[in-house]
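Just below is one structure, and these are the notes that go with it.
Both ligands and their constituent atoms are indexed starting at 1 by order of listing.
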Amino acid sequence: MAQDPTVPTRPTALPALGLGTYKLTGAEGQAAIEHALALGYRHLDTAQAYGNEAEVGAAVRASGLPRHEVHVTTKLTADAFGGVDRVRAAVGTSLERLGLDAVDLVLLHWPHPWRTPEEGTYRDAAAALAALAGESGPLRGWGVSNFLPEHLDALAADGLTAAVNQIQVDPLIQQRAVQEATRRHGAAVVAYTPLGRGGDVFAHPAVRSVAQEAGVSPAQAVLAWHRAGGRVAIPRSGSPAHLAENLAAQGVALTAAQLAALDAADTGAPARQDPLTFGL
Ligand SMILES: NC(=O)c1ccc[n+]([C@@H]2O[C@H](COP(=O)([O-])OP(=O)(O)OC[C@H]3O[C@@H](n4cnc5c(N)ncnc54)[C@H](OP(=O)(O)O)[C@@H]3O)[C@@H](O)[C@H]2O)c1
């Protein structure tokens, strides 16, 4: 039976389908986010680096939904890495831009493993997030993004367990070793760029034939595969039709053979950006 990827991050759970908001900026971006909330999306993924926390927060307020019904994730850039004071200030900057009292999940966007203790490391920042997180504080939960197994090992050595590791996963780039390490360390896998931004993923013969056989779109086939694999997925769309299509994929169940066909599409390639050298 498919595992339910909903992640319990008290007091709200992280819904298995979220809206990625990279590039959803300005009035047009905000309108797309508001439309997503009206359709039924209850999980929004933003980041300081996307420059759209204001639009995300404004969309949440404009939706008229009770705040606790919408899960908002944001991500800190490396400028925030350091002790509790620096991290608290960075979270405060995000809350100000969002116009919200609290954020549900705060992630370290990239590990920046080259940073020195004087500059502030991901280990310091994770410890600070863990100290700040709680039901009554400015952040409910915390996690990481683009962390490789060695970075998760380092956090474990410090006694720190992230709620999620947000990593690139699509049928062609599955990063299985990173997924396994994430789960072994007690974190949930959140798949970013879950559709591979269309293109090669939608054109892949396995994706095309599974979608055709199941009578769904390629995007829906891929999202159903993520869900069956126990991953939270955060596809982005600015198109009302695609937003609705992606939400409806939650009701799509693929057969074991169809899931195996998508599993077999893995190229073994690493994420497009290497966390050992790239960061924001
Ligand atoms: N943590 C990180 O480092 C990191 C890195 C990258 C991304 N992310 C997060 O992950 C989110 C999603 O990733 P992404 O934006 O890179 O790529 P994605 O969600 O895989 O793909 C987005 C593209 O797919 C198209 N699309 C969406 N639904 C579709 C559908 N049903 N049919 C056809 N085309 C469809 C969209 O076009 P339309 O707008 O026309 O629908 C858009 O061009 C981001 O927005 C961001 O929140 C995180």
Side-chain angles (χ1 to χ4, degrees), residues 14-15 17-26 28-29 31-33 35-36 39 41 43-53 55-56 59 71-78 105-112 122 142-148 151 162-175 178 182 187-204 207-208 211 216-226 231-250 252 270-280:
L14 178 61
L17 185 83
L19 176 69
T21 70
Y22 175 56
K23 291 188 177 168
L24 298 183
T25 55
E28 206 180 319
I33 301 166
H35 187 70
L39 285 173
Y41 284 79
H43 167 190
L44 305 174
D45 181 81
T46 183
Q48 293 188 332
Y50 301 167
N52 68 353
E53 288 174 309
E55 287 90 326
V56 168
H71 187 106
V72 178
T73 296
T74 196
K75 313 184 197 81
L76 303 182
T77 62
L105 262 184
V106 176
L107 313 185
L108 302 178
H109 205 150
W110 292 86
H112 298 256
Y122 69 83
W142 69 278
V144 298
S145 178
N146 298 296
F147 272 42
L148 296 176
H151 309 127
V164 306
N165 187 16
Q166 186 184 119
I167 56 172
Q168 184 178 359
V169 183
D170 68 49
L172 306 188
I173 299 178
Q174 297 186 21
Q175 298 210 79
V178 185
T182 297
V189 176
V190 177
Y192 78 64
T193 316
L195 304 175
R197 297 198 177 146
D200 290 352
V201 169
F202 289 171
H204 191 278
V207 174
R208 291 171 68 93
V216 299
S217 70
Q220 288 179 318
V222 172
L223 292 173
W225 170 78
H226 279 298
R231 290 179 293 280
V232 172
I234 50 169
R236 180 235 326 167
S237 179
S239 141
H242 290 165
L243 286 169
E245 183 181 314
N246 296 347
L247 194 63
Q250 293 200 100
V252 174
R272 230 180 313 237
Q273 305 278 12
D274 181 357
L276 295 179
T277 54
F278 183 82
L280 295 166

Tell me if a side-chain donor or acceptor on Q175 pairs with a main-chain N or O of Q168 at a distance below 3.5 Å.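 Yes; judged by distance alone, with no hydrogens or angles, the pair exists.
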
Between H226 and P194, is there a donor-acceptor pair closer than 3.5 Å when you use the side chain of the first and the backbone of the second?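 Side chain of H226 to backbone of P194: a pair is present.
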
Less than 6.0 angstrom separating the ring centers of Y192 and Y22, yes or no? no

Side chains of F278 and L276: does their closest heavy-atom pair fall under 4.5 Å?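 Result no, sub-4.5 Å side-chain heavy-atom pair not found.
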
Is there side-chain contact between H35 and L243, with heavy atoms separated by less than 4.5 Å?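 Yes, at least one pair of side-chain atoms sits under 4.5 Å.
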
Test: R236 and D45 ion pair at under 4.0 Å: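 A salt bridge is absent here (no side-chain N lies under 4.0 Å from a carboxylate O).
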
Exactly which residues line ligand 1, taking a heavy atom under 4.0 Å from it as the test?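 Answer by chain and number: G20, T21, Y22, D45, Y50, K75, H109, W110, S145, N146, Q166, Y192, T193, P194, L195, G196, R197, F202, A219, I234, P235, R236, S237, G238, S239, H242, E245, N246.
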
